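Notes follow the structure.
Below, chain A is the first sequence line, B the second, and so on; all start at residue 1. Worth saying up front: this structure is predicted, and the values here are computed from it rather than measured.
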2 protein chains.
Amino acid sequence: MFSMTSLNSKDTEFPPEAPELAGFRGPHLAVDVALFTIAPGADRANSRLAFLVVRRLDGLATGEWALPGRMVREREQLSTAVETALKEKCGLTGIEPKQLRVFDEPTRDSRGWVMSVAHLTVQHWDFVEAALAQNPNLGLGYVQLETRFQMELPDGQKNLPFEQDLIVRYAVQDLQLRYRAKPDPDRFLGPTLTIYQLRKVHEAVLGKELDKDVFRRKMEPKLEKTSEMATGTVGKPAELFKRKS
Amino acid sequence: MFSMTSLNSKDTEFPPEAPELAGFRGPHLAVDVALFTIAPGADRANSRLAFLVVRRLDGLATGEWALPGRMVREREQLSTAVETALKEKCGLTGIEPKQLRVFDEPTRDSRGWVMSVAHLTVQHWDFVEAALAQNPNLGLGYVQLETRFQMELPDGQKNLPFEQDLIVRYAVQDLQLRYRAKPDPDRFLGPTLTIYQLRKVHEAVLGKELDKDVFRRKMEPKLEKTSEMATGTVGKPAELFKRKS
DNA sequence: AAAATAGTGTCTGTGAGACAGTATCGG
DNA sequence: CCGATACTGTCTCACAGACACTATTTT
């Protein structure tokens, strides 16, 4: 929208900045993403909450597994930077990142003054599985929710570099808070779902088993019937529901 | 902590930045604060939730009332920037700002690429009242909580500049969410309080009257008795409580 | 005494939690 | 048939909400 007015500026499409800003050079800005998915466990019943990690190929902490992230480019929005990072590093698209908070410790990055805006997003397992199969530099991290927040990373790595352990922890708490109140608000599942699928997702997020009946009665008023039935499962076919309003 | 290692760098106490960061100049970064207080109403019983605004003396939107804010300085932490802004512009100290979120619309500030990190904090009325009395460029804004989020600003101003209406709205929702669960978590009140005072604060934050008995029974298990009594009020003296753990 | 506020007793409705039972499918 | 899953009935307990009542102070 500025392209017509910037023919005399050097190589940007934005007008020159007001001189009073020159005295306040900002920090370098990065985005980091905790991308969660529900990974199937050994049997169908025991899925687990997992997050995506990438092997760092350059810069600090080369070789270590870390959250996907990226430096923010000129005039770029944060959500765009997150989407680009996931597309370029992981080949994942169609993401709606949610901002969590800024990590601003002045010494968190030894290369200079870098702040990081942490984001949270969620992706279906099918897409994550496909991305993992195509790229050996992608992996999954798990959080031990029962014990006191211990992590499992590929290659036996114990911690994430920078302050990213904090990001994961913060993100899990954020997820759990919202999954207590509403049925799958971040959409690990598609538009239609059975109560069984929904319960398995909530169990994975909260890290504990939920009572079958209590869960049904708490969720049903927040769901809408579709009069369609699920197929391809053992047992009595379950009704498919939609999320309400 | 870097002062000993930077004798050869120009005029900063930090070491020079790694060259790979040079290609990623970040945005200019500002902080904005929604500072809330409980302002007394016409009679003692009707206090209202209010937020502090300052008259802009320079830059864009000169003369308008806006949230206090400030550009972040080199290697400064966000919370420090907020504290400095409130101290310099409003003479208020002893603040613990809580980060809300980044507002990153690329065109929100016509002077250039500026992001703002919105913060929320709370201050006792006494301090705010003193600051207002000393500085004619300070004022109070009110939110109509009963209707659909309308604002009252000094001089009949209807909206805040930049995206600050959004900040206030976001901040109020954040406050309300936390005040549903816990007794005065942000400490509008001092360490000891009566249940009456507590209820009046919660009513101001939530914008509706609360049932006397229900409120007492919900809050008492989260409070600790002090066996001291409040003085200087009409009626039966109330017991003073402390917040638990 | 009247006004004002503090605090308690008690009834009701709702809903979580727990458990057992019935229904309907695939193999 | 059996195993597995979907769904329903029902009991208990806790607690929010509502109302009335008693208690203790100031004016």
Side-chain angles (χ1 to χ4, degrees), chain A residues 38 40-47 176-177 179-184 189 192-242 244, chain B residues 38 40-47 176-177 179-184 189 192-242 244:
Chain A
I38 305 288
D43 53 0
R44 182 177 164 241
N46 286 323
S47 3
Q176 291 184 337
L177 191 67
Y179 271 72
R180 269 179 243 280
K182 284 177 115 187
D184 190 28
L189 298 169
T192 64
L193 41 89
T194 68
I195 292 190
Y196 182 82
Q197 293 172 328
L198 187 64
R199 182 163 53 97
K200 286 302 162 187
V201 167
H202 280 244
E203 285 179 349
V205 169
L206 299 177
K208 64 176 179 188
E209 293 201 352
L210 297 172
D211 190 283
K212 194 164 69 102
D213 321 322
V214 174
F215 185 78
R216 165 177 291 272
R217 269 191 273 265
K218 194 153 62 176
M219 287 305 167
E220 255 198 26
K222 293 162 187 163
L223 295 172
E224 215 171 304
K225 297 199 177 196
T226 64
S227 73
E228 286 178 69
M229 290 295 183
T231 55
T233 56
V234 256
K236 179 174 171 180
E239 190 164 6
L240 283 170
F241 290 85
K242 287 189 300 184
K244 230 181 211 174
Chain B
I38 305 286
D43 52 1
R44 180 177 165 241
N46 286 322
S47 2
Q176 291 184 337
L177 191 66
Y179 270 72
R180 268 180 244 279
K182 285 176 114 188
D184 191 27
L189 297 169
T192 64
L193 40 89
T194 67
I195 293 190
Y196 182 83
Q197 293 171 329
L198 187 63
R199 194 176 88 237
K200 286 301 164 189
V201 167
H202 280 243
E203 285 179 349
V205 169
L206 298 177
K208 63 177 179 189
E209 292 202 351
L210 297 172
D211 190 282
K212 188 166 72 104
D213 321 323
V214 174
F215 185 78
R216 165 178 289 273
R217 268 191 273 264
K218 194 153 61 177
M219 288 305 168
E220 254 197 29
K222 294 162 187 163
L223 296 172
E224 214 171 306
K225 297 198 176 198
T226 65
S227 72
E228 286 179 69
M229 290 297 183
T231 55
T233 56
V234 255
K236 180 174 172 180
E239 190 163 5
L240 284 169
F241 290 86
K242 286 190 301 185
K244 227 180 213 174

Proximity to the side chain of [X] - top-ranked nucleotide from [options]:
X        : options                : answer
A:Ala238 : D:dC7, C:dA18, C:dG7   : D:dC7
A:Lys236 : C:dA23, C:dA4, C:dT10  : C:dA23
B:Arg217 : C:dC25, D:dC19, C:dT5  : D:dC19
A:Asp213 : C:dC19, D:dA18, D:dT24 : C:dC19

To the nearest Å, how far apart are [X] [atom1] and [N] [atom2]?
X        : N      : atom1 : atom2 : value
B:Phe215 : C:dT8  : CZ    : C1'   : 18 Å
A:Lys212 : C:dA16 : NZ    : P     : 17 Å
A:Gln197 : D:dA6  : CD    : C1'   : 13 Å
A:Tyr196 : D:dA6  : OH    : C1'   : 11 Å
B:Glu220 : D:dC15 : CD    : C1'   : 15 Å
B:Arg199 : C:dA4  : CZ    : C1'   : 13 Å
B:Leu240 : C:dT5  : CG    : P     : 17 Å
A:Lys218 : C:dT14 : NZ    : P     : 19 Å

Check your understanding: Quick one: does B:Arg216 reach the base of C:dG9 with a side-chain donor-acceptor pair under 3.5 Å?
Key -> no
Practice item. Can you spot which of B:Lys244, B:Lys222, B:Glu220 makes a side chain to side chain contact (heavy atoms under 4.5 Å, CB included) with B:Pro183? Key: B:Lys222
Review point. Taking C-beta and beyond as the side chain, do A:Ile195 and A:Gln197 meet within less than 4.5 Å on heavy atoms?
Key: no
Check your understanding: Heavy atoms, side chains only, cut-off 4.5 Å: are B:Glu228 and B:Thr192 in contact?
Key -> no
Exercise for review: Please tell me which of A:Pro237 and B:Glu239 maps to the more 5' nucleotide of DNA chain C, matching each residue to the nucleotide holding its nearest heavy atom.
Suggested key: B:Glu239
Review point. Are any side-chain N or O atoms of A:Glu209 and backbone N or O atoms of A:Glu203, one a donor and one an acceptor, separated by less than 3.5 Å?
Key: no
Exercise for review: Mind checking the CZ-OG1 spacing from A:Arg199 to A:Thr194? Nearest 0.5 Å is all I need.
Suggested key: 9.5 Å
